[in-house]
Amino acid sequence: MMHTVKLTVNGKEYERQVEPRLLLSDFIRHELGLTGTHVGCEHGVCGACTILFDGQAVRSCLLLAVQAHGHELGTVEGLADSAGHLHPLQMAFWEAHGLQCGFCTPGILMTLIPFMAENPAPNEMEIREALSGNLCRCTGYQHIVDAVRLATATESLTR
Amino acid sequence: MKPAPFDYAAPDSLAEALSLAAAHGSDGKLLAGGQSLIPAMNFRLLQPAILIDLNRITGLGGIERTASGGLRMGAMTRQAQVERDARVAQFAPLLAEAMPQIAHPQIRNRGTIGGSMVHADPAAELPVVAVALDAVFEVASQHGRRRIEAKAFFQSLFMVDVAPDEILAAIEFPAWPTNSGWAFVEVARRRGDYALAGVAAVVTLDGGGKCRHARLVYLNLGDGPVDAQVAAGLLQNESLTPDAIEAAANHAAAHEIDPTGNIHASADFQRHLARVLTRRALTTAAARATHFPS
Ligand SMILES: Cc1cc2nc3c(=O)[nH]c(=O)nc-3n(C[C@H](O)[C@H](O)[C@H](O)COP(=O)(O)OP(=O)(O)OC[C@H]3O[C@@H](n4cnc5c(N)ncnc54)[C@H](O)[C@@H]3O)c2cc1C
Ligand code: FES
Ligand code: FES
């Protein structure tokens, strides 16, 4: 049986009919065409699919699209402003070489947005703990940590 | 699409969920945080005919203080909520210490306390805490509610005392014992991985500083939480000296745990970890019992 899913993603409303077994990650990518959310492992380990669900970082591969009915989602596409200027956190990743291939980056950014709202001045251990659920096979993490430190040190980093 | 096809129901009330659970029996699966169930369905290890989603039921989550000074938690309370609640740190400090060791922040935002208990992975932290603190499980069905002690609740590997027509409604932790110290320590290969071995220790001192009562419960060293009663009993009426702690650690590691070994750790290495972790846990717990008398 098909189910109606009506939800908000990055402030925009969508309505679709879905099969219950459609994962939220596939819904976002294939139904909504928002391919910034990446899919790595599909069993909760890699973090590439991390999105905001009512403001909290969650694995979109471990949620069903039907479960998102009535909820508010945020994906990496929502970070830049409407004129296309990158979010300060994205700028910091750029500045500090926080990415190489970029596959892990959307999940890392969506993990960090609520983390930084809660911890405006985290220390390095806190940053590493926050990142513990996101795998990156390129950077060795050091530049990612640097990027977070840059983003948290310079709240008004120029856009 | 990874999971096999299934029907989906999202009831608003516990009564409705219980009637669906009764109607579908073992063909149905309850969906809580989905952080163990959905991976198993993505791998097609599980192919339920229907998912009964508990997430739209109000009143199945939340933490409250009980009349006797303990804590009562709805089964759908998210792990992240337990982790952040100041009352948990104050009245169930062992639980508070275990919470950040479960998976990653994103998993704990969805994962529930009840889901982890019912899933009953032998490597999971929460069942071990429940046994160490003598928690009580409240299970609902269309016929009413029953209460089960933690030790009886966990039956074996991934098996708990909850029938297909029942839903775990709440978990109650008794009041924190006075003059008691605690420690939850584990070793995992990476932060957030399931641990290779771990232990929860609780010690209660008498007025003279001797050990009146101790608990040692292990994770990933048996079919479920391993309650090492003989080793803990060795500490009774003893001062918690390094020698007494060593003796208890050696006994538990040699006789009470049953490690099977896995690709990451041989059974011998797990025994070694159990010994080292017990020593650390008891040393920390003893110090905390002295410094935080209530
Ligand atoms: C990458 C990763 C790492 C993890 N690491 C750890 C770890 O280190 N330690 C750890 O303990 N866990 C770990 N987990 C598991 C996590 O804690 C899960 O959240 C937990 O095991 C299940 O809780 P849930 O709410 O997600 O339940 P679900 O996955 O929704 O359900 C699990 C099972 O319990 C049943 N169930 C759920 N709620 C009820 C209820 N109220 N009544 C009756 N039955 C119910 C379901 O039907 C299902 O069979 C990890 C998970 C992932 C994806
Ligand atoms: S794709 Fe979701 S955690 Fe890897
Ligand atoms: S930048 Fe390539 S995986 Fe992280």
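Naming: A, B, ... by sequence-line order, numbering from 1 per chain.
Residue B:Arg78 does not touch chain A at all, counting heavy-atom pairs closer than 4.5 Å. With a threshold of 4.5 angstrom between heavy atoms, B:Ala4 approaches chain A through N, CA, C or O but not through any side-chain atom. Using a 4.5 Å cut-off between heavy atoms, B:Leu37 does not touch chain A at all. For B:Asn42, the part lying under 4.5 angstrom from a heavy atom of chain A is the side chain only. Of the two parts of A:Ser132, the backbone and the side chain both hold a non-hydrogen atom closer than 4.5 Å to a non-hydrogen atom of chain B. In this structure, no portion of B:Arg190 lies under 4.5 Å from any heavy atom of chain A. Heavy atoms closer than 4.5 Å to chain B are found nowhere in A:His30, neither backbone nor side chain. With a threshold of 4.5 angstrom between heavy atoms, A:Phe53 approaches chain B through side-chain atoms but not through N, CA, C or O.
Residues of residues 53-60 of chain B lying under 4.5 angstrom from chain A, judged on non-hydrogen atoms, are B:Asp53, B:Asn55, B:Arg56 by number. Using non-hydrogen atoms only and a strict 4.5 Å limit, no part of residues 137-146 of chain A faces chain B.
Note that NE2 of A:His43 and CD1 of B:Ile38 are 14.0 Å apart. Values are rounded to the nearest 0.5 Å. The distance from atom CD of B:Gln106 to atom CG of A:Asn134, rounded to the nearest 0.5 Å, is 5.0 Å. In this structure, CD on B:Gln35 lies 6.5 Å from CG on A:Leu63, to the nearest 0.5 angstrom. Rounding to the nearest 0.5 Å gives a distance of 10.0 Å between NE2 of B:His104 and OG1 of A:Thr50. We find the CD-CZ distance between A:Gln56 and B:Arg110 to be 8.5 Å, quoted to the nearest 0.5 Å. Here the OH-CG distance, from B:Tyr8 to A:Leu22, works out to 12.5 Å after rounding to the nearest 0.5 Å.
In this structure, the side chains of B:Pro39 and A:Val45 stay at 4.5 Å or more apart for every pair of heavy atoms. Counting only heavy atoms from C-beta outward, the side chains of A:Gln67 and B:Leu31 approach each other to under 4.5 Å. Counting heavy atoms from C-beta outward, A:Arg21 and B:Lys2 have side chains that stay 4.5 Å or more apart.
Shown here is B:Gln142, whose CD atom has more than 12 heavy atoms of other residues, nucleotides or ligands within 6.0 Å. More than 12 heavy atoms of other residues, nucleotides or ligands lie within 6.0 Å of CE in A:Met2, so this atom counts as buried by the packing criterion.
Counting heavy-atom pairs closer than 4.5 Å to chain A, the top-ranked of the candidates B:Pro5, B:Gly192, B:Pro100, B:Pro105 is B:Pro5.
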